[in-house]
Structure formats: C-alpha cells, structure tokens
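Report on the structure given below.
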2 protein chains.
Amino acid sequence: MPRPISQSRTDLVDNALVAFWNIGFHAISMDDLVRETGVSRGSIYSVFKGKRELFHACLDRYQEAAVTPKFGQVEAEGARLSDIKQFLEDGIASQEALDGPMPGCLVVNTLAQLDPADEDTKRYLEFHTNRLTKGFRAVFERENALTGALSDQEVAALAEFTTTSVLGLWSNSRKIADGDEMRRYVDMLMSLIRAKLGVECP
Amino acid sequence: MPRPISQSRTDLVDNALVAFWNIGFHAISMDDLVRETGVSRGSIYSVFKGKRELFHACLDRYQEAAVTPKFGQVEAEGARLSDIKQFLEDGIASQEALDGPMPGCLVVNTLAQLDPADEDTKRYLEFHTNRLTKGFRAVFERENALTGALSDQEVAALAEFTTTSVLGLWSNSRKIADGDEMRRYVDMLMSLIRAKLGVECP
DNA sequence: CTTGTATTGGAACGATCATTCCAATACAAG
DNA sequence: CTTGTATTGGAATGATCGTTCCAATACAAG
C-alpha cells in the first residue's frame, strides 16, 4: 500500500548528506538511506544512478549547505583574522548544539577512507581544501599588508598550514566531543597565526 | 589440496595491519585479508574471534611497529624540538618511499569512520593521541624551562594543538601525495612552535 | 615408518549489500 | 468522474559480506 507525497531532490540530498556525514560512505547502506531520507528506493534510483552518484551530490550540497554559510564571511571582501576565529567557533558551536556526537567534517571523514584510485571523489576533496586555503590566504595577505612581516611565499605556506590544521581539528572532533578542548585549539591556532603575522592580540 | 607452512601470529597481524591501514576497516573484506596476509580463513578465526578483534590487534601492533620506532626519540629523555621535526620528517619520508599512495595514519583513518558507540575502538585512538600529546608536552616543557616564555597551561595547550595539527597532516596525506607540501607544513609548524616558545631558529 | 597436531583450501551458511523491477497507489489535470 | 503521471512499498536479483565448518594435507614427534 504505497503512499506518494513528493519530496524534492534537495530534501533527499539534505537528508542523505546528514547520513553520509555521520555514518560514512562505506558503513552506510541504501536501506539506511531509504530510512533516513524517507524516500523510497525507486525514487532514489530514478534520480541518481546509484549510491556513489548520490554521495557526490551530497559532497556538492555540503559546500553550499554547510561550508558557505560559515566560511562565507572568511571569503568576504575585507575579512580579518577575527572572521577566521568566528568561522571556527561557529563550526564548533553548531556541532555542540547537535544532540548526538560530533560528526566532524564530511570532507575529512571521506579523506580517511578514500580509495586512491577514486579520482572523481578526490576532486571534491581537493576543491574543499583549495577553497579553505584560498580563503585563509586572502585574509593573511590583507593582514600582512599592514605589517609586512612575511613574504608572499610565507603567507601562502601559512594558509596551507592553517587548512591542514583545521582538518586535524575536525578529525579529532569525532573522538573528543569536548567543545572546550576544541576552543583551546582555536585560541592556540589564532595565537600562533597572529604571532607569525606580527599582529597585536586584541 | 591444502598446503600448510605455519605463519606466526605476528606476521599475520603485520600484514593485516598494512591492509587495514590502506583500505580501511569497513571497506576491506575478510577475503581481502586472507589474500593480503596469506593466512587462511580457518587460521585467522582460530586465533581471533573475528574481523573486529583482528583489527584491534592491528591497532596495538601499529603502536609498536609504526609509532614507537619513530616517536620513541621524541619520548626519549632529553628530546628537543629537533627530535619532533625529525619524527615528522621521518614519517613523511617513509610514506614517500612506498611505491603506492600514502596511507596516512591508521589512527586518523579509523577516527574518521568511527562509530560513536564503539567505545572499545575509541580507547585505542585516545591512547594514541594521549601518547603524542604527552611526548610533545615533555619536549615543550624542556624547551620552556630554558626560556620561561609560557605557563604550564600554555605548554599543555601547545602540546594538544600540535597533536591535533599532526592529525591534519596525516589526514591530508591521503590526498596530496606531495612530500614537499608536507615538508612545508612541518617547517611552518616548527616555526610557529619555536616562535611561541621563544626559541631561536637554528 | 606411524601417529598427532596444526594448518590448509574451499564449501557452505545466513545475512546483508547495491541494484532492478513492478503492480499498486495517490495526486494533478482534464 | 476519468486519465495520466509520479511515487510508492516491497519483492527479487546476484553479489558479497562475516563467519562456521571440515575433510584433506603437511610437518613434527615418536
């Protein structure tokens, strides 16, 4: 006794995104996804070729639904170091607000179980890390223009470093679930960045 | 037509460790493990209750086979910042020496696909990060004793930060496979630590 | 040699996997 | 109302999963 009621593609992807994020691509089953999204097998396969394509749609959706709303302020023209700090603290706060354990970052989680031969998926992950590095670098260049402490090369290296460090933050978040330890990490990271840039601590 | 030839438990775990490390717990199958280890199903199940118990043995083995040989010098009495740098560069060099892609860190990989309800596995991961933090902190305390730049609390926070950042390094390693970018990361990390500790750059 | 023990390859198990398929159904359009 | 379309729940597929089992075999001990 089927019961229709249409569900938009966006809702399907949004719910699948949460499931992939929490459980992981390999560990989650299509039955899980049917249950979590409330969309039937038939409908899912009518929109996506399979689990893999649905996952890639979720990686895309992750950028606009999870990354852009928080990282957008870092990418905005005129963003400062305080915007980076805000971005990190917002991320921690939003995961603390969840009732369950922290899922970390979908990209970091995917990275750890990435098949090296899977170039398609790798591209999504590279896009994400490039996006972070680019955003951080623009801010660092802006700050460095005031102090002139670093060369362009050093600024770029600092941005790469910051991206990689943030990956570690979200990697660790799946285990600690302690917002305070994560905030200590953010404070230390900001302190180190400020020292390197020669910026006074506010 | 079976052919015996005994294989020690250590060899079995060593080979399974490599397989789990590269492929991941969920993505690898027992058939894969039989093939990779060269040990038959019957023998594996005569020693371990199942895939999960074998994996836990591999997590143990990882500490002594992969972590101790390289991190031991950081944990050694009298270790300095240069030993931390050496530890990181050794890790990068050994993964560069592999013919295949970099597997990163088994603990980081496991973290990203950890079932939050799996307390047993979580304990192995906590042991690892605690070990790193403890090793880093001892070195930082030693350096800080010379300069007195930081409080005990700041030293502890710097050690926590370093551990988390290193998780990011190995998370990212599964994607970049570029030793130079990783070495830039290490240089930046050491530079930031030295600046924070007020240690002159050699 | 014979015997005992350890280990083998492989069959077989039920469960679950991703995927395909479809008759049954609900809703929108006419 | 009737028709058309979209979506449903669920059966069914073949593959693969982790696990169990065992007769066959090789080696060590006697």
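Values reported hereafter were calculated over all heavy atoms of this structure, with side chains retained and with hydrogens, waters and symmetry mates removed. Lettering of chains follows the sequences in order, A, B, ..., and the numbering in each one begins at 1.
- Closest approach of A:Asn22 and A:Pro103 over heavy atoms only: OD1-CB, 3.5 Å.
- For B:Asp152, the CG atom counts as loosely surrounded, since its 6.0 Å shell holds 12 or fewer non-hydrogen atoms of other residues, nucleotides or ligands.
- Atom P of nucleotide C:dA18 and atom CD of A:Glu53 are separated by 16 Å, given to the nearest angstrom.
- Around the CD atom of B:Glu64, the shell of radius 6.0 Å holds more than 12 heavy atoms that belong to other residues, nucleotides or ligands.
- When rounded to the nearest whole Å, the span between CZ of A:Phe48 and C1' of C:dT20 equals 18 Å.
- Put simply, NZ on A:Lys51 is 15 Å from P on D:dT16, counting in whole angstrom units.
- Remark: B:Arg183 engages B:Glu96, B:Asp180 in a salt bridge (charged side-chain N to carboxylate O under 4.0 Å, His left out) (not counting sequence neighbours).
- Considering only residues two or more places apart in sequence or on other chains, A:Gln63 meets the side-chain hydrogen bond (donor to acceptor under 3.5 Å, both in side chains) condition with A:His128, A:Arg131.
- Distance B:Ile44 CD1 to D:dG18 C1': 11 Å, rounded to the nearest Å.
- Ring planes of A:Phe25 and A:Phe55: tilted class, angle from 30 to 60°.
- In this structure, A:Leu33 atom CG and C:dT19 atom P are separated by 11 Å, rounded to whole Å.
- Residue A:Lys49 contributes atom NZ, which lies 13 Å from atom C1' of C:dT19 at whole-angstrom precision.
- Taking only side-chain nitrogens and oxygens, B:Ser29 comes nearer than 4.0 Å to OP1 or OP2 of D:dC17.
- Consecutive Watson-Crick or G-U pairs involving DNA chain C, each under 3.5 Å on both distances, make up stems of three or more pairs at C:1-30 with D:1-30.
- Atom CG in A:Asp11 sits about 15 Å away from atom C1' in D:dT7, given to the nearest Å.
- Distances shorter than 4.0 Å separate none of the side-chain N or O atoms of B:Tyr45 from OP1 or OP2 on D:dT20.
- Residue B:Arg41 is the one, among B:Arg41 and A:Gly50, whose nearest nucleotide of DNA chain C lies closer to the 5' end (criterion: closest heavy atom).
- B:Phe87 and B:Phe71 have perpendicular rings, their planes meeting at more than 60° on a 0 to 90° scale where under 30° would count as parallel.
- Backbone-only engagement by B:Ile28 is indicated by non-hydrogen atom pairs under 4.0 Å involving sugar-phosphate atoms exclusively.
- We find that NE2 of B:His26 is positioned 12 Å from P of C:dA18, with the value rounded to whole Å.
- For the pair A:Phe25 and A:Gly42, nearest-nucleotide mapping onto DNA chain C gives the more 5' position to A:Phe25.
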